[in-house]
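Chain identifiers are assigned alphabetically (A, B, ...) following the order of the sequence lines, protein sequences preceding nucleic acid strands; residue numbering begins at 1 within each chain.
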Amino acid sequence: MSAKSSFRNWLRHSGKILALAMLLMSAGLPGTASAETVLRVAKTSIPRILDPHFTTSFTERDFGYLIYDTLFAVDSKFDVKPQMVDTWSVSDDHLTYTFTLRDGLLFHDGQPVRSADCIASIKRWSQRDGMGERLAALTKEWVVVDDKTFRLVLSQPYEFVLATLGKVGASVPFIMPERVAQTPITEPIKDYTGSGPFIFDQAAGTSGVKLVFRKFDKYVPRKEPADWASGGKVAKVDRLEWIEFRDAMTAVNALTNGEVDMIQELPHDLAPLLDNDPNVKVMIYNELGQLGFIRFNFLYPPFNNADARRAVLLAVNQKEFLQGLVGNPKYYNECRSIYSCGSPYETDAGVPKVDLDEAKKALKASGYDGSPIVQFHATNSATIGPLSEVLTRVLREVGFNVKDEAMDFQTFTRRRLAQSPPDQGGWNIALSTWTGPDVVDPVVNVSLGGEGQKAQWGWPTMPEMEKLRDQFARTASMDERKKIAAEIQKLAYDQALYIPTGTFKSLAAYRNNVKGVVSAPAMMMWGISKE
Amino acid sequence: MLRFIFYRLLGAIPVVGLVSIAVFLFLRMAGDPVASLLGENATAQQVAEIRHAMGLDRPVMMQFLSWILHVFQGDFGISLVTHEPVWKMVSERLGATLSLSLTTIVFSILVAVPLGLFAARHRKNWIDRLIVSFCTAGFSVPTFVVGYLLVWLFSIKLQWLPAQGYASLDRGVGDWILHLIAPTIAMSSVFIVLIARITRAGAIEVLNEDYIRTARAIGASELRVFRLFVLRNAAVPIVTIIGVGIGIVLTGVVVTETVFNLPGVGRLTIESVLARDFPVIQCVIMLFSFTYVFINLAVDIIYSLLDPRIRN
Amino acid sequence: MITVAQNENNAAGVAPKAWLRRLRNNGNLLLGAAVLILFLIVMVLAHLLGAADPQAMTTSERLHPPSLQHWFGTDRLGRDIYARVAFGTSASLAVGAAAAALGCIIGTIFGLAAGYFRSIDMLIMRVMDGIMAIPGIMIAIATISVAGASITTVVLAIAVHDVPRIARLVRSSVLSMREEPYVEAAVMLGSPSWSIVLRHMLPGILASLAVLGTYVAANAMLLEATLSFLGCGLPPDIPTWGNIMADGRILFRIAPWIILFPGAVLAFAVLAINLLGDGLRDQFDPTTEKTMR
């Protein structure tokens, strides 16, 4: 054996011994050789503000689902099921809802969950959330009947009470203890006592690096099997770690090497690396997926003109966007319905045909003078970045003079709110993403709003749209609702309100010893075990 | 000697002061952090409340004074993003960065000094030329490319090293070193080049001195000549380059920590800049600058110990 | 540490013949210049011939490995890496050259002022020390995050970092030149300050500036690539080598060509510029052998 290869052997062996030592050490502190199961999950970013009422980010919501519980929850058929609530009833005039909590609900500090906690939490949450605001506007009062029973009295009938309380898109109405929920919505909470299946162990982690959760032994799960956010949430690991990996490649390397057990949000292009790894499984964890959407600034030319918007609409071939971002057709589907495909309201009403020549004609009709338009572009987002690059190309093809303004995602979310003219820090066009549950119906989908300067960034003024959405919210019959939803979509496409660029499914990957990972719109960590 | 140290210390004060002012003003120019802090649905009143709570509505001069007073007490304020004390966030990340910087400096010197001396000794033949070209090339490859290649080779192909992450020392020295090997090599590539070049140049200069010729003439062995005279005299420029190079190390940690997912101050910097987390950025830049100033101070003092002529 | 300034007058004074002979033997200079000229040719050709559009997306041909059709392969949007690298040459070289020029100009102004007007020397040099104390990458990232990513800000952000080094060099040259008889004579004759500085001092430092300037340019190109890699570089619709590599960052194990080709080209260019710098130094100053930058 040559000296060189024996050195290599030595390295390999010592490496193995060290790795073994590492394994032993990571399995627990010396002495406590008990079989504590630790699930290490790699995430692109872990939340910095730990208050799911305060921000609308998806990681925040996932954090919320671990340590908090909700009154109602949606299952995989979009049905709203009671979660913390045991029984509920509604008066004949559809104005009074009465809720009774389940037995045995406890906060992590051992205190029982009371009606007052629920009311305070919903009140705090509804100050920030679009659907929450709508409910709050229609609410006459909340009444505590006893510790476990409370009542909601409305000023007029509203068909989305349960859907609002069981909302799965960010932000979610999580229930906190009353003392915590009294924190003003303008400042994030500092006390992370919840009543969910996991306890947040802040001291064990490091902000921005790792968050640590422990199983909450006293959590009483529902009897039904878990289904999306509803059903029996059973924590099956003793300790759960969220580790931040800004670089997805590094996360994949770590998974291959067994340094983490699971990756959330695996970029599609990296899936082939893991497909060939016998120790790892790749799965679609969110069938409803995410979708890109192109937003226009209605306040300034050229996109205050419907023809200019239509020019873009007619040129957007979803397949190009999806190919550019995802590549593998297994993981995407074209979806031109403004309600997430696979949801009850999916329709093809009003969808125009893609035609570049027609697009150019529309642009001509709009009287666009060739002055530069500002496109905001969040470069460090793995999804928005590439999609925006395709958009730039499409815009230039149609004949727009595009000024591509690059920025990071944080800045993007801030600067797109500026209503100033495009040459003074504002913008003309931008692309962002939703997750499927954010756009399941006309009420949830805030991109449809036409309230002018109060609407979502882009600020379209469309009173007829608002009238239709209001009508939808008061309608109880499913068939009626579907009809109105189709009408809304027709109007949206006719005015080129915004443009969806297609749905792509979210991937997760995990090692073979991880069991029980299920598809859901949010990453649900209950039911997952590690052997 | 004490006088020299005293005056050098005195000279560092204005630098530190200037950096503080620059850092403070520069980041205030960045605009209003409150809007991004509160998110999409914030009302004007909410914004005003937070601005007041953070003292952003006071005159800039007052903001600076109150900031610097707190800094002297070790209080760098509260992060705009996590709402945690800044110093806590930074100090949690110091371990990884300190470890990486330390191993990089030690490793670089261990490799580069012999390399430079070796090149100097074989000056003008192919060994020298090879080492010199290697050095010029080493300077030209971006650190992150080296990093990715190392991960691919040692963690994926050979599976000798962990692909990412950091193990603090209390989890055992072996684990600690194992996690630092690849990042250290990646970061050292530039530093080695720098030290090797300067060592070579210093050694060549010394080799031309008369006393070396004399030593050789009276029959001292090559090894002895190197050990006694060359290394000793070349030590001065080597110490200097460590002072200059500390800036390169601090730049290197930003990139290397990103590539290897090390939870250090460098990664915190990038995260904070992207999130416009002013207090954290201020703290990190101050920390890095002060490190630079004080390492250079230490270098000057060591320098003057090695070469007494400097003191005058 | 570069002490070519004192010898510059000699260099200019020697016979052209000797100078040429030295040039012929100056392998570093010739090789560096040759590679750079090659890059310039590629750049011009890329624009003239337009082998392929660097922005053309053919999403059906995404992530293709290098082939005859796509010499350097394609990226995730199906763009031709070779076309992008060729077109990127201009942007990357321009950033390097502009940052070096800007750094040299600002640095020279400060250096001349500090060296000549002793009253402000202390102030200027402390400010320079202050800038030097902040790691270059921090200055750059912070500047870009404040001012937004455009070519101007990126160049400026990179240049700032090099100003103190240049100022120091210029100042020390000026300080030594003040003692020279011809400068003293000019002072005695009552020439105005600006004329002394411009006529007598500036030419004396041009050679060392040229040497340092090449190193600054090389560093600037590396820094630009690093900034793009970290996500705070030039706008992504400008195909610089750094931006191309940033696109392939997470795909290193899937499509290594996206990083390796531009990375190699960048390394070659930086190497060439560094060689050019070494060569310039040897050319101006054949007697000493200094290897520090």
Side-chain angles (χ1 to χ4, degrees), chain B residues 11-12 14-19 21-23 26-27 29-31 132-133 135-137 139-145 148-149 151-152 156 194 197-198 200-201 204-205 237 240-241 244 246-252 254-255 258-259 269-270 273-274 276 281 284-285 288-293 296, chain C residues 1 28 122-123 126-147 161 165 215 218-219 221-223 225-226 229-232 241-242 245-246 249 252-253 256 259-260 262-264 266-275 278 288-293:
Chain B
V15 177
V16 167
L18 274 166
V19 169
I21 295 175
V23 165
F26 189 70
L27 291 165
M29 275 162 33
V132 169
S133 356
C135 284
T136 318
F139 227 102
S140 313
V141 183
T143 311
F144 57 87
V145 175
Y148 278 142
L149 286 171
V151 171
W152 177 78
I156 307 300
L194 208 64
R197 286 177 75 129
I198 203 71
R200 174 178 171 274
I204 285 173
E205 212 166 291
T240 317
I241 203 68
V244 176
I246 195 74
I248 297 175
V249 171
L250 295 178
T251 302
V254 176
V255 176
T258 308
V259 170
T269 310
I270 294 290
V273 165
L274 291 180
R276 304 292 184 279
I281 304 173
V284 171
I285 296 189
F288 275 31
S289 315
F290 288 7
T291 310
Y292 179 89
V293 169
N296 273 286
Chain C
M1 286 267 176
N28 284 345
M122 185 69 183
L123 177 68
R126 287 294 83 74
V127 172
M128 292 297 129
D129 286 348
I131 297 178
M132 237 173 144
I134 307 176
I137 201 160
M138 298 247 171
I139 300 182
I141 301 174
T143 311
I144 291 162
S145 70
V146 168
H161 165 61
R165 278 203 295 172
Y215 296 141
N219 273 342
M221 288 169 65
L222 279 176
L223 193 52
T226 304
F229 166 80
L230 293 171
C232 17
W241 295 334
M245 284 192 272
R249 181 177 155 183
F252 188 69
R253 280 177 64 195
I259 285 190
L260 290 184
L266 172 67
F268 265 120
V270 171
L271 189 62
I273 297 175
N274 276 331
L275 283 179
D278 289 353
T288 56
E289 181 162 4
K290 298 273 183 179
T291 25
M292 195 193 155
R293 312 133 172 260

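Contact detail for C:M221 and C:I273: the closest heavy-atom pair is SD-CD1, 3.6 Å. Minimum heavy-atom separation, C:A225 to C:M245: CB-CE, 4.1 Å. Looking at every heavy atom in both residues, B:V259 comes nearest to B:F144 through CG2-CB, 3.9 Å.
Within 6.0 Å of the CZ atom in B:F290, the count of heavy atoms belonging to other residues, nucleotides or ligands exceeds 12.
The aromatic rings of C:F229 and B:Y148 lie perpendicular to each other, with more than 60° between the two planes, well past the 30° mark.
When heavy atoms are compared at a cutoff of 4.5 Å, C:L222 approaches chain B solely by way of its side chain, counted from C-beta outward. Proximity to chain B involves both the backbone and the side chain of C:L271, based on heavy atoms less than 4.5 angstrom apart. Contacts between B:L149 and chain C at a heavy-atom distance below 4.5 Å involve backbone atoms as well as side-chain atoms. For C:I131, no part lies near chain B; criterion is any non-hydrogen pair under 4.5 Å. Heavy atoms closer than 4.5 Å to chain C are found nowhere in B:V151, neither backbone nor side chain. Heavy atoms of B:V16 lying under 4.5 Å from chain C are absent altogether.
Side-chain atoms of C:R253 do not come within 3.5 Å of backbone N or O of B:W152 as any donor-acceptor pair.
Across B:V293, B:V284, B:V254, the residue that shares the most heavy-atom pairs under 4.5 angstrom with chain C is B:V254.
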